[in-house]
K.L.:
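Let me begin by handing over the structure; questions about it come next.
Lettering of chains follows the sequences in order, A, B, ..., and the numbering in each one begins at 1.
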Amino acid sequence: MSETNVAASGASVEPSQPRPTAEPAARRGPGADAAPLIHARKLTKRFGEFTAVDGVDFDVQPGEAFGFLGPNGAGKTSTMRMIGCTSPISDGELSVLDMNPRRDGPRIRARLGVVPQHDTLDNELTVRENLLIYGRYFGLPREECARRADELLDFVQLSDRGKDLVEPLSGGMKRRLTIARSLINEPDLMLLDEPTTGLDPQARHLLWDRLYRLKQRGVTLVLTTHYMDEAEQLCDRLVVMDKAKIVAEGSPRQLIERYSTKEVAEFRFAPGIQETLDGQFDGLAERIERLPDRVLLYADDGEDVVASARSRGLHPETVLVRRSTLEDVFLRLTGRSLIE
Amino acid sequence: MTALRLTPMFAFGSRRALRMIERNLLVYKHGWLVLFSGFFEPLFYLLSIGFGLGRLVGDVTGPGGEPIPYALFVAPALLAASAMNGAITESTFNFFFKLNYDKTFASILTTPMSPADISLGELAWALIRGGLYTVGFLAVMVLFGMVRSPLILLTLPGALLIGFAFAAVGMAATSFMRTWQDFDLIQLVVLPMFLFSGTFFPLDSFPEGARIIIQLTPLYQGVDLLRTLAVGVVGPDTLVHVAYLTTMGLIGLAVVSRRLDKLLLK
Ligand SMILES: Nc1ncnc2c1ncn2[C@@H]1O[C@H](COP(=O)(O)OP(=O)(O)OP(=O)(O)O)[C@@H](O)[C@H]1O
Ligand SMILES: [Mg+2]
């Protein structure tokens, strides 16, 4: 406990280890053929007349890290809440841990760890008490709650704040506490709704590391995110949601291969110039996206595109050639950037 | 008919409801002084109105027909009214706040706890607090030598019954509330009930027509229940009061149990 250091910077004590990015389906191994942990068919959520989730199909295998990507209002949280059995499904089929949320809500929830999009900590209690009472809601004996609470405070590097009330904690600390809380019942399946939104880079890396360790222990992770690096780091497989529907599914690599080119050339022009360049990019690349602040040219060889653009007399202020990322997939599928 | 109504009530909540009491105990560990607030209110009324005003009024007719000191007349009524007020505050304002603004309930719902467990636990907690205030108030009555009969001990379960009836109906009403303005309606009902339910003046000081209406109000039922117990003159009326309040509470619970899932699980 003494070596724990939660400086404002959120500095991690351990050197953050380089970690391989998630591999495609092949590495999923043992879980791949087992019965899915979550099974959804034509899953639908309506709020009155409005359809927030419109007949989506997906399966999550044991031990997998599965992501939902999508712009604001796509229906990610609504889907997560149905899986978490806190929101009744309007239509379709859903089974979680081989049980039916309609009937077995409490039994399913007993095995879930839930990190909601917005922190729901008990502001009338201290940091440690938040963990203790949460363990009690799961029916754990008091001594066990105490033991796990101390362990988890250590795990998220909050041991020295145990006696403080929750309210004055920083956003990142609250987020870490919420994650610790979700682990008190040693869940088999974690539902993480934008776990790292609002965190500084160091706190995010700490959380990624923690989630990665959980995954190594065989915990299944389902998460939503707006960060493509997070999706690439953590998810074995993900779906892109847009306007209540799933528009694509696959591993991060598969999605990039399927929906984007190998490379992207990004051109930025001096203010006012881009608008005068209508038609001048035609035929330069496989696909062209004109964003307000830059032009993206998709091709397997970016340098090639730059050269032909120059020979056409185009003179961008800055040029960047990079590999395609999920961000590009997202732009292609939803017509929007990931972070708005 | 009764059997049909009773089924959902017995299915209402589980032992997990006790965890809500545990949570509240943890909260009050941080500020246990707040617990006393509900104790002083009826005490101040007793001192000012019961003894102060009582000196001018002298004796009034008690439940058995014989004259009793005004303070003894008012004390059980104050106990009933404070049981009502405590239950209403807890089950309306506080409950609405926790339902809609505080995320506490939302976080508890991601555990095996159900909406029914939460409500039952909150109800039980409100009753425990009410019970503590009642014990404190009874101690004061003993101190002032106001004990006439051992039956006064039964005012404790009596006050709990009043608390249960009002809290259950309060929660049921809250489940229909949309905005804070709707709560003004509750005040509109509670305040006149507090003033006119035979709390401060005997029933026979009201005109005939008003008397019947007053007798139908739940607070009158509670006031008269505790008054007969405190003075030690029980009769068939006492049983009617108990039956009235029990039914009221059970109906409230039945309504809550049907509406709560809809409210909390969206
Ligand atoms: N309780 C509710 N009542 C009515 N409409 C709702 C409710 N909850 C969500 N919605 C609507 O459903 C749609 C999907 O919302 P949801 O929260 O699932 O989106 P999201 O993908 O999580 O978005 P974000 O990235 O902003 O968190 C939105 O249009 C939202 O307004
Ligand atoms: Mg969301």
K.L.:
Could you tell me how the ring of B:F194 sits relative to the ring of B:Y45: parallel (under 30°), tilted (30 to 60°) or perpendicular (over 60°)?
P.N.:
perpendicular
K.L.:
So how far is it from B:L138 CG to B:L79 CG, rounded to the nearest 0.5 Å?
P.N.:
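Here the rounded value is 6.0 Å.
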K.L.:
Cation-pi check, A:R181 to A:Y134: give yes when NZ or CZ is under 6.0 Å from the six-membered ring centre and within 45° of the ring axis, no otherwise.
P.N.:
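Because its charged atom sits under 6.0 Å from the ring centre and within 45° of the axis, A:R181 does stack over A:Y134.
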K.L.:
Could you tell me which portion of B:R16 (side chain, backbone, both or neither) has an atom closer than 4.5 angstrom to a non-hydrogen atom of chain A?
P.N.:
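For B:R16, the contact with chain A is made by the side chain alone.
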K.L.:
Given heavy-atom pairs under 4.5 angstrom as the criterion, report whether the side chain, backbone, both or neither of A:R107 touches chain B.
P.N.:
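No part of A:R107 comes within 4.5 Å of chain B.
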K.L.:
Heavy-atom distance under 4.5 Å to chain B: side chain of A:R142, backbone, both or neither?
P.N.:
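Answer is side chain: those atoms of A:R142 sit under 4.5 Å from chain B.
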K.L.:
Report the option among A:G113, A:G105, A:P88, A:P116 that has the most heavy-atom pairs separated by less than 4.5 Å from atoms of chain B.
P.N.:
A:P88
K.L.:
Ring centres under 6.0 Å, that's the criterion: do B:F93 and B:F97 meet it?
P.N.:
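No: the rings miss the under 6.0 Å criterion.
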K.L.:
Provide the closest heavy-atom pair for A:L125 versus B:H30 in the form atom of the first, atom of the second, distance.
P.N.:
CA-NE2, 4.3 Å
K.L.:
So for A:T126, is it side chain, backbone, both, or neither that comes closer than 4.5 Å to the heavy atoms of chain B?
P.N.:
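Both the backbone and the side chain of A:T126 come within 4.5 Å of chain B.
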K.L.:
Which one wins on heavy-atom pair count under 4.5 Å against chain A: B:M113, B:K29, B:M20?
P.N.:
B:M113
